[in-house]
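Sequential numbering from 1 along the given sequence is applied to the chain's residues. Keep in mind that this is a model prediction, so the values were computed, not measured.
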Amino acid sequence: MNRELMIGLIPLFAVIIASYPLGRHLAKVYKGEKNWMSFMSPIERFIYKLAGIDPKEEMTWKHFLRSLLICNLFWFFWGILLLLIQGILPLNPDGNSGQSLHLALNTCVSFLVNANLQHYSGESGVTYFSQLFVIMLFQFLAAPTGMAAMAGIMKAMLTKCGKTIGNFWVYLVSSITRVLLPLALIMACFLILDGVPMTFEGKKEVTTLEGNKQFISQGPVAAIVAIKQLGTNGGGFYGANAAHPLENPTFLSNTVSCMSMLLLPMSFVFALGFYLKKKKFAFSVFTVMLVALIIGIAVTVSTERLGNPNISSMGIDQSGGAMEGKESRFGASATAQWSAITTATSNGSVNGMHDSMMPLSGLVTLLNMQVNSWFGGVGVGFMNYYVFIIIAVFISGLMVGRTPEFLGKKIEAKEMKIAIMLALLHPFLILTSVAVTSWMIVRNPELSAQWLANPSFHGFTEILYEYTSSAANNGSGFEGLKDSSIYWNISCAIVLAASRFLSIGGQIAIAGLLAGKQFIPESVGTLKTDTSTFALMTFVVILIIAALSFFPVLTLGPLAEYVTIK
């Protein structure tokens with residue numbers, strides 16, 4: 001156990017160390033300062049000229065948000081069209097057909113909002129053309145959209161009195177050219193060296209050890225896996241995702257993938273400190289997120305290492321832990337660690353089947369997504385945390401009898417209304433969807449066999465997990481759900497879009513409103529937001545509003561299963 005603990009902790013500390021200088025680089029990129037990727041400037045200027053963008057234009061929060069939505073709307077129609085007609089497009093050596101309209105809708109929305117929830121199998125559901133010009137393209141657009149939104153919020157937080165929060169298009173382009181492209185290139189080269197395919201050839205015929213013929217899917221896997229992990233996208237080239245030996249071939253690739261999931265989410269917290277010149281504030285936020293992540297990893301690893309008591313009672317050796325649904329290449333501990341990291345960062349990729357995990361492990365993955373603030377996705381992780389900071393500041397101000405202030409700006413009724421609505425939006429979307437679906441199954445029992453692979457508490461958890469994953473823009477699944485149907489495709493698409501764009505819109509609105517207010521210099525009575533006391537206050541607010549909102553429904557799912565399985 002000590003050896004496995006060290007194997008898990010060393011990469012975690014390594015990525016923390018790496019995220020600090022990367023955070024400084026991010027701050028320089030979004031401040032427009034000279035950095036080690038400044039040689040990309042001529043390419044960026046060409047892009048701006050080609051697209052008719054004025055890089056010097058400053059945008060109000062409304063203009064910023066409108067540009068973000070227009071960009072995503074354009075790519076939405078692009079993706080729908082290509083997925084429908086992919087069967088007649090080039091780069092289709094395996095002869096895959098086009099997707100149905102409802103599946104194309106779900107796929108397009110899912111990848112556009114950085115969730116990458118997949119209701120299809122990658123080998124047969126899309127072609128190489130779609131993998132490149134829809135799937136990988138959207139992964140290079142969805143992540144920078146969140147990064148650009150975060151850059152705009154940082155600009156608003158730094159502004160002492162102004163109505164502009166930067167230029168969305170500049171933030172979007174620089175996020176790709178100066179951050180994601182170089183990192184993805186390094187990651188892809190590593191994956192190729194480690195055995196991940198990078199080819200446009202079709203399925204390869206091989207002879208198995210038993211002498212049978214088998215066809216193995218290939219493709220430009222390395223390029224897509226690189227951005228999938230770095231951009232907290234998570235969509236697998238293969239249906240088995242990172243459990244597939246060609247997508248995640250070795251323990252080394254498994255470890256590096258875990259590190260890459262955390263790299264940018266962690267770096268953005270440090271970037272906030274460098275950008276605002278408030279490193280102590282960033283460290284306090286980072287500490288809260290890190291402690292929550294470590295607790296989640298510790299619970300999942302220890303739970304999976306103990307194994308399943310029902311299997312132990314049958315006299316079966318479980319010295320290796322609960323190995324059902326896990327790759328023997330990685331074992332129970334590495335799979336458990338991955339599950340905690342992928343749900344805490346809204347990455348969503350899996351190297352084992354979450355449907356086979358022990359109830360407490362499933363509870364941790366659900367809580368990570370339901371809280372949705374422990375590092376989270378690139379950029380948007382802190383943006384979710386930012387909402388709870390606003391609420392915590394407001395409550396703290398009321399407790400001491402002072403007008404709530406954050407970074408020199410008064411927090412008033414308008415900002416609080418938006419913050420509360422955003423905090424309640426997440427549980428509203430999840431719980432309402434779960435309630436409607438459960439009601440339909442109760443009224444029509446035949447749907448249970450059509451939609452669910454498991455009965456009782458576990459089947460209920462499958463429903464809960466699907467909508468939680470959609471609302472958190474995570475994309476992982478319990479994989480016991482039969483989700484490739486009109487109902488699941490449309491209902492999940494609605495939750496995916498609403499949770500992404502309503503949240504980002506509200507967060508940008510709060511930042512824009514605060515940016516336009518008069519700056520108030522710090523005084524003796526100013527609430528300090530960079531202390532351990534305020535960090536604890538924020539943590540408690542998150543638990544009360546986010547975690548406890550889901551306690552009743554968790555009792556009906558993983559907690560009830562935990563009690564019955566002991």
Has Asn167 got a side-chain atom pairing as donor or acceptor with Glu58's backbone, closer than 3.5 angstrom? no

Taking all non-hydrogen atoms of both residues, which atom of Val288 and which atom of Trp374 are closest, and how far apart? CG1-CZ3, 4.0 Å

Using the rule given for side chain to side chain contact (heavy atoms under 4.5 Å, CB included), can you reason through Asn114 versus Asn233, listing the C-alpha separation, both sets of side-chain angles and the distance that settles it, and then say yes or no? CA-CA 5 Å; Asn114 204 24; Asn233 293 290; 2.4 Å; yes

Under a 4.5 Å cut-off applied to non-hydrogen side-chain atoms, are Lys410 and Pro404 in contact? no

Output yes when a side-chain donor or acceptor of His119 lies under 3.5 Å from a complementary backbone atom of Asp483, and no otherwise. yes

Is it the case that the side chain of Ser349 and the backbone of Gly234 share a donor-acceptor pair, with hydrogens and angles ignored and the cut-off at 3.5 Å? no

Just checking Phe77: does its CZ atom have more than 12 heavy atoms from other residues, nucleotides or ligands closer to it than 6.0 angstrom? no

Atom NZ of residue position Lys517 - does it have more than 12 heavy atoms of other residues, nucleotides or ligands inside 6.0 Å? yes

Arg178 versus Glu44: any side-chain heavy-atom pair under 4.5 Å? yes

Do Lys409 and Ile520 make a side-chain contact, defined as non-hydrogen atoms from C-beta onward lying under 4.5 Å apart? no

Would you say the ring centers of Trp488 and Tyr467 fall short of 6.0 Å from each other? yes

On a heavy-atom basis, the closest approach of Ile390 and Ala419 is CG2-CB, 4.1 Å

Hey, does Ile389 have a side-chain heavy atom less than 4.5 Å from the side chain of Thr529? no

To the nearest 0.5 Å, what is the distance between OG on Ser260 and CD1 on Ile227? 10.0 Å

Hey, mind stepping through Asn351 and Asn241 against side chain to side chain donor-acceptor pair (under 3.5 Å) and telling me if it holds? CA-CA 7 Å; Asn351 71 342; Asn241 208 288; over 6 Å; no

Looking only at heavy atoms, what is the nearest atom pair of Ser130 and Val126, with distance? CB-CB, 4.0 Å

Nearest heavy-atom neighbours spanning Ser470 and Leu496: O-CD2, 3.4 Å

Could you state the interatomic distance from CD1 (Ile43) to CD1 (Ile47), rounded to the nearest 0.5 Å? 7.0 Å

Donor-acceptor under 3.5 Å (Asn96 side chain, Glu123 main chain): yes

Hey, does Val179 have a side-chain heavy atom less than 4.5 Å from the side chain of Met37? no

Expected output: side-chain Thr232 to main-chain Asn347 donor-acceptor under 3.5 Å: no

Answer yes or no: is there a side-chain heavy-atom contact under 4.5 Å between Lys28 and Lys34? no

Can you check ring-ring contact (aromatic ring centres under 6.0 Å, His included) on Phe111 and Trp75, steps first, answer last? CA-CA 10 Å; Phe111 279 85; Trp75 292 114; over 10 Å; no

Roughly how far, to the nearest 0.5 Å, is the OG1 atom of Thr145 from the CZ atom of Phe501? 7.5 Å

Please name the residue in the list Tyr385, Phe286, Phe382 that meets the ring-ring contact (aromatic ring centres under 6.0 Å, His included) test with Phe375. Phe286

Within 45 degrees of the ring normal and closer than 6.0 Å to the centroid, is that where the cationic atom of Lys155 sits relative to Tyr30? no

Within the 6.0 Å centroid threshold, strictly below: Phe64 and Trp169: no

With the side chain counted from C-beta on, respond yes when Val29 and Tyr171 share a heavy-atom pair under 4.5 Å apart, and no when they do not. no

Would you check, one step at a time, whether the test side chain to side chain donor-acceptor pair (under 3.5 Å) holds for Tyr465 with Ser476? CA-CA 9 Å; Tyr465 196 103; Ser476 62; 2.7 Å; yes

Looking at Phe270, Phe274, Trp36, which hits side chain to side chain contact (heavy atoms under 4.5 Å, CB included) with His25? Trp36

Heavy-atom nearest pair, Lys228 first then Ala242, reads NZ-N, 4.0 Å

Gln99 CD to Asn106 CG distance, which is reported to the nearest 0.5 Å: 9.0 Å

Output yes when a side-chain donor or acceptor of Ser503 lies under 3.5 Å from a complementary backbone atom of Arg500, and no otherwise. no

Contact check, side chains of Ile504 and Val380, non-hydrogen atoms, under 4.5 Å: yes

Closer than 3.5 angstrom, by distance alone: can the side chain of Asp530 be matched with the main-chain N or O of Phe281 as a donor-acceptor pair? no

Run the side chain to side chain contact (heavy atoms under 4.5 Å, CB included) check on Gln86 and Phe129 step by step: do they pass? CA-CA 7 Å; Gln86 65 178 2; Phe129 190 92; over 6 Å; no

Met383 side, atom CE; Met154 side, atom CE - distance, nearest 0.5 Å: 10.5 Å

Indicate whether any N or O donor in one side chain lies under 3.5 Å from an N or O acceptor in the other, for Thr127 and Asn92. no

Which atom of Ala423 lies closest to which atom of Phe388, heavy atoms considered: CB-CE2, 4.3 Å

Using a distance-only test with no angle check, is there a side-chain donor-acceptor pair under 3.5 angstrom linking Gln218 and Thr199? no

Using a 3.5 Å distance criterion without hydrogens, assess whether the side chain of Gln131 forms a donor-acceptor pair with backbone atoms of Pro220. no

Test Ile153 against Ile510 for side chain to side chain contact (heavy atoms under 4.5 Å, CB included), laying out the working first. CA-CA 9 Å; Ile153 288 178; Ile510 292 174; over 6 Å; no

Considering residues, nucleotides and ligands other than Ile486, do more than 12 of their heavy atoms fall under 6.0 Å from its CD1? no

Kindly say whether Ser253 contributes a backbone atom to a donor-acceptor pair with the side chain of Ser257 at under 3.5 angstrom? yes

Say whether, by atom type as modelled, one donor and one acceptor occur between the side chain of Asn248 and the main chain of His244 under 3.5 angstrom. no

Are there over 12 heavy-atom neighbours, none belonging to Phe76, within less than 6.0 Å of that residue's CZ? yes

Test side chain to side chain contact (heavy atoms under 4.5 Å, CB included) on Ser499 and Leu425; report intermediate values, then the result. CA-CA 7 Å; Ser499 60; Leu425 174 67; 5.7 Å; no

How long is the gap from CZ on Phe133 to CG on Leu137, to the nearest 0.5 Å? 8.5 Å

